[in-house]
Engineer: 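Take this structure, written in structure tokens, and hold onto it; I'll ask about it next.
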Amino acid sequence: QVQPVESGGGSVQPGGSLRLSCVASGTRRSINAMGWFRQAPGRQRELVAAITSSGTTVYADSVKGRFTIFIDNTKSMTDLQMENLKPEDTAVYYCNEEPTVPAWGYFGLDYWGKGTQVTVSS
């Protein structure tokens with residue numbers, strides 16, 4: 001099955017940092033893009049950040065200036081560096097291999113990871 005694997009979640013205080021990692025499925029020879037989404041209880045799943053293999057990025061307005069997405073094409077993996085975390089960032093974060101990104105007009109294959117919990121609280 002095609003399923004990326006996330007890691008790096010945890011609990012931090014407001015203002016803290018975390019770095020999430022996602023390894024793409026080894027069954028695929030190459031990827032066009034990877035992305036991170038998140039979902040909190042009672043809220044819709046939302047795009048956090050996405051990146052193409054060439055380095056084009058898109059970020060949710062709520063995380064601009066705080067989160068940075070990276071891609072390693074050789075390793076077929078993506079990292080999300082999260083700085084100055086806020087309580088509202090608390091959610092399950094999902095990696096998406098070949099994400100659908102409306103801002104790019106791109107309809108992907110949407111291979112989802114199982115998610116990793118990020119909790120930001122005092």
Side-chain angles (χ1 to χ4, degrees):
Q1 241 287 339
V2 178
Q3 185 171 58
V5 179
E6 308 97 334
S7 63
S11 298
V12 297
Q13 294 183 320
S17 302
L18 284 173
R19 190 179 183 97
L20 306 183
S21 294
C22 173
V23 180
S25 172
T27 65
R28 286 165 47 80
R29 79 302 309 175
S30 64
I31 58 173
N32 298 301
M34 299 189 75
W36 289 93
F37 294 71
R38 67 186 180 187
Q39 186 168 31
R43 292 195 278 274
Q44 291 183 225
R45 183 178 62 194
E46 64 176 345
L47 172 68
V48 177
I51 185 168
T52 69
S53 60
S54 62
T56 300
T57 60
V58 61
Y59 295 91
D61 289 340
S62 60
V63 307
K64 287 181 179 178
R66 299 189 297 118
F67 292 10
T68 305
I69 188 169
F70 305 88
I71 191 167
D72 184 329
N73 293 312
T74 300
K75 299 179 180 178
S76 296
M77 65 184 295
T78 182
D79 281 8
L80 183 69
Q81 179 66 37
M82 305 185 293
E83 304 284 349
N84 191 25
L85 284 160
K86 303 175 180 180
E88 51 263 45
D89 294 318
T90 296
V92 176
Y93 284 69
Y94 298 91
C95 180
N96 187 326
E97 184 177 343
E98 306 291 9
T100 294
V101 182
W104 295 339
Y106 177 65
F107 289 82
L109 299 174
D110 293 311
Y111 297 121
W112 295 96
K114 293 183 177 180
T116 185
Q117 179 71 46
V118 171
T119 301
V120 185
S121 63
S122 300

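No experiment lies behind these values; they were computed from the predicted model shown. The figures here come from the full heavy-atom set of this structure, side chains too, leaving out hydrogens, waters and symmetry mates.
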Engineer: So, taking the atom named OG in S25 and the one named CD in E98, what distance separates them when rounded to the nearest 0.5 Å?
Structural biologist: 11.0 Å

Engineer: What is the minimum heavy-atom distance between Q117 and A91, and which atoms define it?
Structural biologist: NE2-O, 3.4 Å

Engineer: Take T78 and C95, measure what side-chain contact (heavy atoms from CB on, under 4.5 Å) needs, and give me the verdict at the end.
Structural biologist: CA-CA 8 Å; T78 182; C95 180; 4.1 Å; yes

Engineer: Working note: F70 + T68, criterion side-chain contact (heavy atoms from CB on, under 4.5 Å); need CA distance, chi angles, decisive distance, verdict.
Structural biologist: CA-CA 7 Å; F70 305 88; T68 305; 3.5 Å; yes

Engineer: Can you tell me how far CD of Q13 sits from OG of S121, rounded to the nearest 0.5 angstrom?
Structural biologist: 8.0 Å

Engineer: Same hydrophobic cluster for V58 and I69, using side-chain heavy-atom links shorter than 4.5 Å among ILVMFWY?
Structural biologist: no

Engineer: Name all residues meeting the side-chain contact (heavy atoms from CB on, under 4.5 Å) criterion together with S54; count only those two or more places apart in sequence or in a different chain, and write none if there are none.
Structural biologist: T52, T56

Engineer: Search all heavy atoms of L18 against all heavy atoms of L85 and return the closest pair with its distance.
Structural biologist: N-CD1, 3.8 Å

Engineer: To the closest 0.5 Å, what do you measure between CG (N84) and OG (S17)?
Structural biologist: 8.0 Å

Engineer: Evaluate the side-chain proximity of P14 to P87: yes if any heavy-atom separation is below 4.5 Å, no if none is.
Structural biologist: yes

Engineer: What closest approach, in Å, do L20 and M82 show between heavy atoms, and which atom pair accounts for it?
Structural biologist: CG-CE, 3.7 Å

Engineer: Could you work out, with ring-ring contact (aromatic ring centres under 6.0 Å, His included) as the rule, every residue matching Y111, not counting sequence neighbours?
Structural biologist: none

Engineer: Would you confirm whether T116, through its side chain, and G9, through its main-chain N or O, come within 3.5 Å as a donor-acceptor pair?
Structural biologist: yes

Engineer: For Q3 and W112, work out which heavy atoms get closest and say how close.
Structural biologist: CG-O, 3.2 Å

Engineer: Under the 3.5 angstrom rule, does the side chain of E97 hit a backbone N or O of V2 as a donor-acceptor pair?
Structural biologist: no

Engineer: Grouping I, L, V, M, F, W and Y whenever their side-chain heavy atoms are under 4.5 Å apart, do V120 and L80 come out in a common cluster?
Structural biologist: yes

Engineer: Can any side-chain N or O of D110 pair as donor or acceptor with the backbone N or O of T100 at less than 3.5 Å?
Structural biologist: yes

Engineer: Could you report the tightest heavy-atom contact between A60 and L47, atom names first, then the distance?
Structural biologist: CB-O, 3.3 Å

Engineer: With sequence neighbours left out, what residues match E83 under salt bridge (charged side-chain N to carboxylate O under 4.0 Å, His left out)?
Structural biologist: none

Engineer: Using a 3.5 Å cut-off and no angle test, enumerate the donor-acceptor pairs between side-chain atoms of residues 30-40 and protein atoms at least two apart in sequence or in another chain.
Structural biologist:
from: R38; atom 1: NE; to: E46; atom 2: OE2; distance (Å): 2.7
from: R38; atom 1: NH1; to: D89; atom 2: OD1; distance (Å): 2.9
from: R38; atom 1: NH1; to: Y93; atom 2: OH; distance (Å): 2.8
from: R38; atom 1: NH2; to: E46; atom 2: OE2; distance (Å): 3.2
from: R38; atom 1: NH2; to: S62; atom 2: OG; distance (Å): 3.3
from: Q39; atom 1: NE2; to: R43; atom 2: O; distance (Å): 3.4

Engineer: Provide the closest heavy-atom pair for C22 versus D79 in the form atom of the first, atom of the second, distance.
Structural biologist: N-OD1, 4.3 Å

Engineer: According to salt bridge (charged side-chain N to carboxylate O under 4.0 Å, His left out), who are the partners of K64, at least two apart in sequence or on a separate chain?
Structural biologist: D61

Engineer: Go through the structure and list residues passing ring-ring contact (aromatic ring centres under 6.0 Å, His included) with W104, not counting sequence neighbours.
Structural biologist: none

Engineer: Is V92 linked to V118 within one hydrophobic cluster, defined over Ile, Leu, Val, Met, Phe, Trp and Tyr using a side-chain heavy-atom separation of less than 4.5 Å?
Structural biologist: no

